[in-house]
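Here is the structure we will look at.
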Amino acid sequence: MTGQTAQKQKSTTSSFSSAGSVPKTARVAMMTELGKIELKEYPIPEIGDGDILVKVEGCGICGTDAHEYKKDPFSLIPVVLGHEGTGEIVKIGKNVKKDSAGKDLKLGDKVVTCMIFKDNPDITMFDLNKQNVGGADVYGLLPDDEKHFNGWFSDYILIREGSTVFNVSDLDLDSRILIEPCAVLIHAVERAKTTGILRFNSRVAVQGCGPIGLICIAVLRTMGIEHIVAVDGEQKRLDFAKQMGATETVNFKEYKGIEALTKAVEESFGGHLADFAFQCTGSPVGHSNIYKFIRNGGGLCELGFFINGGDATINPHFDICSKEITTVGSWVYTLRDYATTFDFLKRAKAIGLPMEKLITHKFPLEQINEGFVTNLKMEGLKIAIVNK
């Protein structure tokens, strides 16, 4: 069924270069109904002159994948999910010479994808801040078609002409799996910096210590920011926040009411409120609370709401106007943020941040449903599907 048992085929066309034996058929993890993913086998399609065939090595399960698995909010079923993936080039079209950052691209290189842009001139590699890539297509959130190999939860993926692709051969597998979620935080911190408030010596509160909040702490720490207070209700996550660079932690379950919680945050900063805060929970209550942690003239980056999580209640006078809070929203990333992430991961490793520990569970493709259930039960941090 897999490449180990399928017949080997040789290149029969001059339109591409091949790394050698590639099976005629391969598996995809097709979501066929809510809460159900089935392994289906299809012929591997021929590649065009601008296409790339990648043998998948691993892919993280994103919160977006979990929402799709549980509710199909994007009406994609049937669909092959997985957009935090990486793998090795095994076939490459004759017209493919460089990646999206201008780096050489060849057989055997390890790659990740970002987005499929079609004809949008406002999104380019070096036009930094015109818009994020939220409106573009992404592998792993494409409806099924005659090609089938559209998501990273599979044995192989077909990267089509017009897609963005990056050569990340200098990163290990765990780092490559973490690129996409880390890019979300690189973008959030870049958005925060536009306020002019987030600085080297800022006191920063990070609320929510799931993978997003923990990566946020790591990004801040690699920037040299040392006064970071993590806020969450799970002690294990708070303990890990310390490993990622938080100086103090506050468990909100230990405090009754927002005034007591705010006081605890203030005491963690030595009697000061935060200069800047990142709200990473996706909880409307969390958003309502975060303003209380911020000093007059401080800043806020809200990045927790990747989908509609409901309305939050705030008092515009007390929470925003009288305190003159500068607020930015953050969603997804730009192409430059994606490339910057590669250097962030190298820097984080160099200063000893245990990024690899974010991946707490690894499942083979055959156990993908178990992986999704583990994710939904919040039994770990980042859950990954890693191919044998």
What do you reckon, is [atom1] of [X] surrounded by more than 12 foreign heavy atoms closer than 6.0 Å?
X: Glu324; atom1: CD; value: no
X: Lys323; atom1: NZ; value: yes
X: Phe74; atom1: CZ; value: yes

Would you give the length of the straight line joining atom [atom1] of [X] to atom [atom2] of [Y], rounded to the nearest 0.5 angstrom?
X: His287; Y: Asp311; atom1: NE2; atom2: CG; value: 10.5 Å
X: Arg176; Y: Thr86; atom1: CZ; atom2: OG1; value: 4.0 Å
X: Asp65; Y: His83; atom1: CG; atom2: NE2; value: 5.0 Å
X: Leu300; Y: Ile320; atom1: CG; atom2: CD1; value: 8.5 Å
X: Thr249; Y: Ile228; atom1: OG1; atom2: CD1; value: 12.5 Å
X: Tyr291; Y: Thr262; atom1: OH; atom2: OG1; value: 14.0 Å

Does the [X] side chain pair with the main chain of [Y], one donor and one acceptor, at a distance under 3.5 Å?
X: Ser288; Y: Ala312; value: no
X: Thr222; Y: Ala348; value: no
X: Asp232; Y: Cys209; value: yes
X: Asp275; Y: Gly298; value: no
X: Ser283; Y: Val285; value: yes

**Request:** Kindly determine whether Thr334 and Asp337 satisfy side-chain hydrogen bond (donor to acceptor under 3.5 Å, both in side chains), including the steps that lead there.
**Result:** CA-CA 5 Å; Thr334 68; Asp337 298 321; 2.8 Å; yes

Provide the closest heavy-atom pair for [X] versus [Y] in the form atom of the first, atom of the second, distance.
X: Leu34; Y: Met31; result: CA-CE, 4.0 Å
X: Ala260; Y: Tyr255; result: O-CD2, 3.9 Å
X: Phe149; Y: Arg27; result: CE2-O, 4.1 Å

**Message:** For Met244 and Leu358: C-alpha separation, side-chain torsions, deciding distance, then whether side-chain contact (heavy atoms from CB on, under 4.5 Å) applies.
**Reply:** CA-CA 10 Å; Met244 298 298 278; Leu358 284 166; 4.0 Å; yes

**Request:** Quick one: sort the Phe276 and Phe278 rings into parallel, tilted or perpendicular, breaks at 30° and 60°.
**Result:** tilted

Please table the atom pairs, donor to acceptor, closer than 3.5 Å between any side-chain atom in residues 104-113 and protein atoms at least two apart or in another chain.
residue: Asp104; atom: OD1; partner: Lys98; partner atom: NZ; Å: 2.5
residue: Lys106; atom: NZ; partner: Asp109; partner atom: OD1; Å: 3.1
residue: Asp109; atom: OD2; partner: Lys106; partner atom: N; Å: 2.8
residue: Asp109; atom: OD2; partner: Asn167; partner atom: ND2; Å: 3.1
residue: Lys110; atom: NZ; partner: Glu57; partner atom: OE2; Å: 2.9
residue: Lys110; atom: NZ; partner: Glu88; partner atom: OE1; Å: 3.0
residue: Thr113; atom: OG1; partner: Trp152; partner atom: NE1; Å: 3.1

**Request:** With sequence neighbours excluded, tell me which residues meet side chain to side chain contact (heavy atoms under 4.5 Å, CB included) with Asn369.
**Result:** Ile37, Tyr69

**Prompt:** In a check of side-chain contact (heavy atoms from CB on, under 4.5 Å) between Lys91 and each of Ile52, Ile44, Val54, Val22, which one passes?
**Reply:** Val22

**Item:** is_close_aromatic(Tyr333, Tyr338), centroid dist under 6.0 Å
**Value:** yes

Without placing hydrogens or testing angles, list every side-chain donor-acceptor pair under 3.5 Å for residues 212-221, not counting sequence neighbours.
none

**Residue that, paired with Asp174, satisfies salt bridge (charged side-chain N to carboxylate O under 4.0 Å, His left out) out of Lys357, Lys362, Lys382** = Lys362

